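Below is one structure, written out as structure tokens, with a few remarks after it.
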Protein chains: 2
Amino acid sequence: MKWDTLEEEPCSLARTVAVIGDRWSLLILRECFLRKRRFEAFQSSLGITRHLLAERLKKLVRFGVLRRIPYQDSPKRYEYILTQKGLDLYPIIMSIVHWGNVHMVDSRGRPMLHQHKNCGHMFDPVMVCSECGEPLTAKAVHVHPGPGARQTSPVHAMAADEPKAKAKTGT
Amino acid sequence: MKWDTLEEEPCSLARTVAVIGDRWSLLILRECFLRKRRFEAFQSSLGITRHLLAERLKKLVRFGVLRRIPYQDSPKRYEYILTQKGLDLYPIIMSIVHWGNVHMVDSRGRPMLHQHKNCGHMFDPVMVCSECGEPLTAKAVHVHPGPGARQTSPVHAMAADEPKAKAKTGT
DNA sequence: GCTTTAAAGTTCTATTTTAGAACTGTCAAT
DNA sequence: ATTGACAGTTCTAAAATAGAACTTTAAAGC
């Protein structure tokens, strides 16, 4: 499986991974959510090579996660800001941070705390069911193929109840 | 920044990315949450090279996300199952899937639907505040340095207002 | 008994990606 | 006239990945 085919897989996880599933993209997005917007700012705080940074920014813009906006004209200069599509990545970012908070902290404690402006409290993110509001666990969820599920050749589907099918050796 | 230093950054996102921040790890985890457990099963449904699969599985075991358990003795055979630490990745996986459902679907619709066993409904995951229960958005969250924040030079944690510090280019 | 098959890896080379550093072009300030 | 900031681009060396073949242990088929 190559990077460009990933994006076309009948799997929402694979498609999202095609956009943000590499270390640098996620770190760049962290900076974006911390209000960083400029090439130099990303580069110096991440230590990413300029070459890769340019490439990743282009990719994020191409996928509509960031928008490239001129902020001065003399020498044309641009900054990168999150689109709504990009802002919608917030639950992903927060759940990644939360897992790190719970499972990867050292003795000194959390590097960062989050305060909810609405209620004023320090909080953790919790993922709940849109219908009943209960916290979600893997075991409490049943997976069904949706309308966009693969139904072409019998080659590897990724639905929950995949039979034994596939063995991509046969085409 | 190298992969191994990433794990030691004073940032929960970076530390988590050190564990699961590459395309194959995330796809392997998808399979784990879909009840796949064996080397051959991962390999044939993902099309990952055997070499990389072996390496990624080792890494996930090393970080305590998967446990390697023998399921027969004659020729020793092992399978990989999620630990509690691994199961705790569920919100990350689900929010990735959800973003793909919202922003990366084609005309055919979602590849997969999720049903909550507790309430019986098809649902979407929603991330809420642990304190007030309201849905979270990036703009409604204020970030503070925590006890584990970087404290070497002047305060700059990777909080919202990092100056330019650490310009690796000089002085 | 001999060959094939299966699982779970390991080993090998060719190709692609990434790291690290230097270079480019445009303007403002010194 | 020179320096510095910004947003990149270009180059080579080093690292990671793809793709395929090979290994080991033991059961199954002939």
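Just so you know, these numbers come straight off a predicted model, no measurement behind them. Here is how names work: the chains are called A, B, and so on, in the same order as the sequence lines, proteins then strands, and each is numbered from 1. No hydrogens, no waters, no symmetry mates; every other heavy atom, side chains included, goes into these values.
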- line: Of A:Asp73 and A:Ile48, the one whose nearest nucleotide on DNA chain C sits closer to the 5' end is A:Ile48
field: Test: B:Lys36 and B:Glu79 ion pair at under 4.0 Å
entry: no
Could you state the atom-to-atom distance from [atom1] of [X] to [atom2] of [N] in whole Å?
{"X": "B:Leu52", "N": "C:dT17", "atom1": "CG", "atom2": "P", "answer": "14 Å"}
{"X": "A:Gln72", "N": "C:dA29", "atom1": "CD", "atom2": "P", "answer": "11 Å"}
{"X": "A:Phe42", "N": "D:dG8", "atom1": "CZ", "atom2": "C1'", "answer": "14 Å"}
{"X": "B:Gln43", "N": "D:dA20", "atom1": "CD", "atom2": "C1'", "answer": "11 Å"}
{"X": "B:Asp22", "N": "C:dT17", "atom1": "CG", "atom2": "P", "answer": "15 Å"}
{"X": "A:Arg37", "N": "D:dA7", "atom1": "CZ", "atom2": "P", "answer": "13 Å"}
{"X": "B:Leu53", "N": "D:dT17", "atom1": "CG", "atom2": "P", "answer": "13 Å"}
{"X": "A:Ile28", "N": "D:dG8", "atom1": "CD1", "atom2": "P", "answer": "12 Å"}

message: Within the 4.0 Å heavy-atom criterion, would you say A:Thr49 contacts the bases, only the backbone, or no part of the nucleic acid?
response: base
message: Would B:Arg37 pass as a cation-pi partner of B:Tyr71, given that its NZ or CZ must be under 6.0 Å from the six-membered ring centre and within 45 degrees of the axis?
response: no
task: Indicate for each nucleotide in nucleotides 5-11 of chain C, in 5' to 3' sequence, whether protein heavy atoms under 4.0 Å reach the base (B), only the sugar-phosphate (S), or nothing (-).
output: -BBBBBB
task: Mark yes or no for whether B:Trp99, through its side chain, and A:Tyr90, through its backbone, hold a donor-acceptor pair below 3.5 Å.
output: no
message: Using modelled atom types and a 3.5 Å cut-off, is there a donor and acceptor pairing between side-chain atoms of A:Arg110 and backbone atoms of B:Gly146?
response: no
- line: Residue set satisfying side chain to side chain donor-acceptor pair (under 3.5 Å) with A:Ser95, at least two apart, ordered chain then number -> B:Ser95
- prompt: With sequence neighbours excluded, what pairs up with B:Glu134 under the side chain to side chain donor-acceptor pair (under 3.5 Å) test?
  reply: none
